[in-house]
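Working notes, beginning with the structure itself.
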Amino acid sequence: MSMLKEKFAQLRQQQKTALIPFITAGDPLPEITVDLMQDLVAAGADIIELGIPFSDPMADGPVIQRASERALEYHVSLRDVLEMVSRFRQMDRETPVVLMGYLNPIEIMGYQNFAEQAAEAGVDGALVVDLPPEEGQEFQQILQQHGLDQIYLVAPTSTAARIERICDLSGGFVYYVSVKGVTGASHLDIESLDEKLKQIRENTDLPVGVGFGIKDAETAAAVSQVSDAVVVGSALVSRVEALADQPEKIGAALRETLSDMRQAMDNAVHK
Amino acid sequence: MVTTTEKMIGNYPDERGHFGPYGGLFVSETLMDPLDELREAYQRFMQDEAFLKELDEDLKHYVGRPSPIYHAKRWSEELNGAQIYLKREDLNHTGAHKVNNTVGQALLARHMGKTRIIAETGAGQHGVASATVAARLGLECVVYMGAVDIARQEANVYRMRLLGAEVRSVESGSKTLKDALNEAMRDWVTNVDNTFYIIGTVAGPHPYPAMVRDFQAVIGREARRQMPEQAGRQPDALVACVGGGSNAIGLFYPYLDDREVAIYGVEAAGSGLDSGQHAAPLCAGKPGVLHGNRTYLMEDKDGQIIETHSVSAGLDYPGVGPEHAWLKDTGRANYVAVTDQEALAAFHDLTRIEGIIPALESSHALAYAAKLAQTMRRDQIVLVNLSGRGDKDMHTVAAQEGLKI
């Protein structure tokens, strides 16, 4: 059983919704990323989504884009990111790690090479934002051969036919992009979210996570009542940004924000 | 690899936008359905006689087509080689080939019921061409432009504002064309319900590379008709500059199956290919994925896109249309590069010898055409796409000479 599957099974038993924080690897300093990952786990993270820095993050809003820029000042490469996961794995064998990024750094490393090294480092899944199912078959096969899950996005604009197809192909969980827009956008509407999630669940038994636009503990709690996982990115990364020149304070800040969310989610009456 | 006899026109791209291994659809899920809708509308309207008639009328009466072909006799004489002919896209309304595409896409936008147009621009020509058609059709228009480009193309920024467009300065990344494209994509993904994104070149996700090519192919179709009338035969070689590559593919495409016609795309070598300061992905880059398609890119060993350099803002782009990548690999077209200095020299030559001030982008094509012509016989013909006029470049050229105007 994949670690992601195992984690979700465990959470289902405990009637808990997964909390998935996102940070960009290497932001603001490559040497503190592994510590920050551990801080996130201490504050209640069930799974960690680690961003691979990219020069042209088209699907991201300004907050996460600037995180990439900060990491790239230190030339943080995909190899460096895998190295960070590997160090994290030596200390934490239970928290699944999903890499999120864009195709080009993976393509230049080579699919096979990437899958081998990612599996060896202890990565559990990959979400490649600009690789839709139409173009992703070869990559997916290679990931599967190495026991890695490929996570696909479903968007508000996805048609019924696309949702069905994406659900068929997804591994680990299905990631629903809750707003039309880039990461960090606002206007999340819980009612229409609930409807869309029901539509997705008609097509799959996989857990469904929700991301893009979860800004605070209140939204996280509301979303946790209709979803299996809550992904929080820009809300955390903007705290990293605010403390970029006092890196020693970032861990505590992330712990604070994330544990507020954890608490709010756990206190919310469950579905 | 394509055999030399395989028919190329009409066979590429495939249904999902692939030119061999290049092209395709590499975007986030939110854009998949809108791109599907666009492809469907585009395919439907390109079969629709009323739509095509409207497009033809616009190209004739608004753009001023057909653009003439001009025999640059004095320059050819001076070079003492092949005869150089110029396809005068510089005489189009708004001063470049860009308007051929924006007229088509804006018409499509209106037929699809979209009320808002967005565009990215480098030199500002595509932004001006988009703002122009938006003004004419009464559509809201937002143009994304890198802060660096805004500084070096002030006149075009002012033109866009006069035309009623909002020009948004892009401060991220290298603050040039690629970042403007990122920002336009972000706008589109957010406002996809009422917004039509007019991409200005033959790059981006399917169907853009094919659609922009088809709107620009009017250049080559006209040339193929005009050359026999004017010169008694088709040219021996075609030359066009390649940034994203829309003017080049516009000229090349109708000639792809005329195997006796040699094809040359000219990239910007900036300070020289060896200097690393250039914008020549086909000559010095490698394949990767950016802006929705697989193509040749300027990238570092980690797959990060690197900054480009060219004296001409319109060529300052780290990628290139996927069809050019395919034409390179199949050997059907040759891709070469000329430096800033060579392009500037050609700029001055054409201006002084023929009384035509070319755009700095087009000057790259002229510079290579001059070199090529000198290796050919006097009874041979080189047809150059003079893709735009140089009015917008006065400041840049003056600055090269230490003048401020």
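These numbers come from a predicted model, not from an experiment. Proteins get letters first, then strands, A, B, ... in listed order; numbering begins at 1 in each.
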- Item | Part of B:Pro205 within contact of chain A (heavy atom distance under 4.5 Å) | neither
N/O donor-acceptor pairs between chain A and chain B, cut-off 3.5 Å:
from, atom 1, to, atom 2, distance (Å)
A:Pro53, O, B:Gln304, NE2, 3.1
A:Ser55, N, B:Gln304, OE1, 2.8
A:Ser55, OG, B:Ile305, N, 2.9
A:Asp56, OD1, B:Lys178, NZ, 3.2
A:Asp56, OD2, B:Lys178, NZ, 2.9
A:Asp56, OD2, B:Asn182, ND2, 2.8
A:Pro57, O, B:Arg186, NH2, 2.7
A:Asp60, O, B:Arg186, NE, 2.7
A:Gln65, OE1, B:Arg186, NH1, 3.4
A:Gln65, NE2, B:Ser172, OG, 3.1
A:Glu69, OE2, B:Gly173, N, 3.2
A:Asn104, OD1, B:Val289, N, 2.8
A:Asn104, ND2, B:Glu299, OE1, 2.7
A:Asn104, ND2, B:Gly303, O, 2.9
A:Glu107, OE1, B:Arg294, NH2, 2.9
A:Glu107, OE2, B:Arg294, NE, 2.6
A:Glu107, OE2, B:Arg294, NH2, 3.4
A:Glu135, OE1, B:His18, NE2, 3.2
A:Glu135, OE2, B:His18, NE2, 2.9
A:Glu135, OE2, B:Leu25, N, 2.9
A:Thr157, OG1, B:Thr30, O, 2.7
A:Ser158, OG, B:Glu29, OE2, 2.8
A:Arg162, NE, B:Glu29, OE2, 2.8
A:Arg162, NH2, B:Glu29, OE1, 2.9
A:Lys180, NZ, B:Asp193, OD1, 3.0
A:Lys180, NZ, B:Asp193, OD2, 2.9
A:Gly181, N, B:Val189, O, 3.4

- Side chain from CB out, backbone as N, CA, C, O: work out which of these in A:Val128 comes under 4.5 Å of a heavy atom of chain B, or both, or neither. neither
- Where on A:Leu153 is there a heavy atom nearer than 4.5 Å to chain B: the side chain, the backbone, both, or neither? both
- Message: Would you say CD of A:Glu120 has more than 12 non-hydrogen atoms from neighbouring residues, nucleotides or ligands within 6.0 angstrom?
- Response: no
- Query: If you draw a 6.0 Å radius around CD in A:Glu191, do more than 12 non-hydrogen atoms from other residues or ligands fall strictly inside?
  - Reply: no
- Query: Residues in side-chain contact (heavy atoms from CB on, under 4.5 Å) with A:Asp149, at least two apart?
  - Reply: A:Ser2, A:Leu4
- Query: Under a 4.5 Å cut-off applied to non-hydrogen side-chain atoms, are A:Ser238 and A:Lys215 in contact?
  - Reply: no
- Which value, rounded to the nearest 0.5 Å, describes the distance between B:Ile118 atom CD1 and B:Cys141 atom SG? 9.5 Å
- Note on the structure: Taking every heavy atom of A:Phe54 against every heavy atom of B:Leu290, the minimum-distance pair comes out as CZ-CD1, 4.3 Å
- Message: Going by the rule side-chain contact (heavy atoms from CB on, under 4.5 Å), which residues pair with A:Ala118 if we only count those two or more places apart in sequence or in a different chain?
- Response: A:Leu82, A:Phe114, A:Val123, A:Leu148
- Note on the structure: With chain B, the option among A:Pro133, A:Pro57, A:Ala59, A:Gly61 that has the most non-hydrogen atom pairs under 4.5 Å is A:Pro57
- Query: So what's closer than 4.5 Å to chain B heavy atoms on A:Pro62: side chain, backbone, both or neither?
  - Reply: neither
- Pairwise distance OG1(A:Thr219) to CD1(A:Ile214) - rounded to 0.5 angstrom: 7.5 Å
- Task: State which residues pass salt bridge (Lys or Arg N to Asp or Glu O under 4.0 Å) with A:Asp194; sequence neighbours excluded, sorted by chain then number.
- Result: A:Lys198
- Query: Given a strict heavy-atom distance threshold of 4.5 Å, which part of B:Leu181 is in contact with chain A: side chain, backbone, both, or neither?
  - Reply: neither
- Distance from A:Leu99 atom CG to A:Leu50 atom CG, nearest 0.5 Å? 6.0 Å
- Examine whether an atom of A:Val129 lies under 4.5 Å from a heavy atom of chain B, and if so say whether it belongs to the side chain, the backbone or both; otherwise answer neither. both
- Note on the structure: So, the part of A:Ile166 with a heavy atom under 4.5 Å from chain B: the answer is side chain
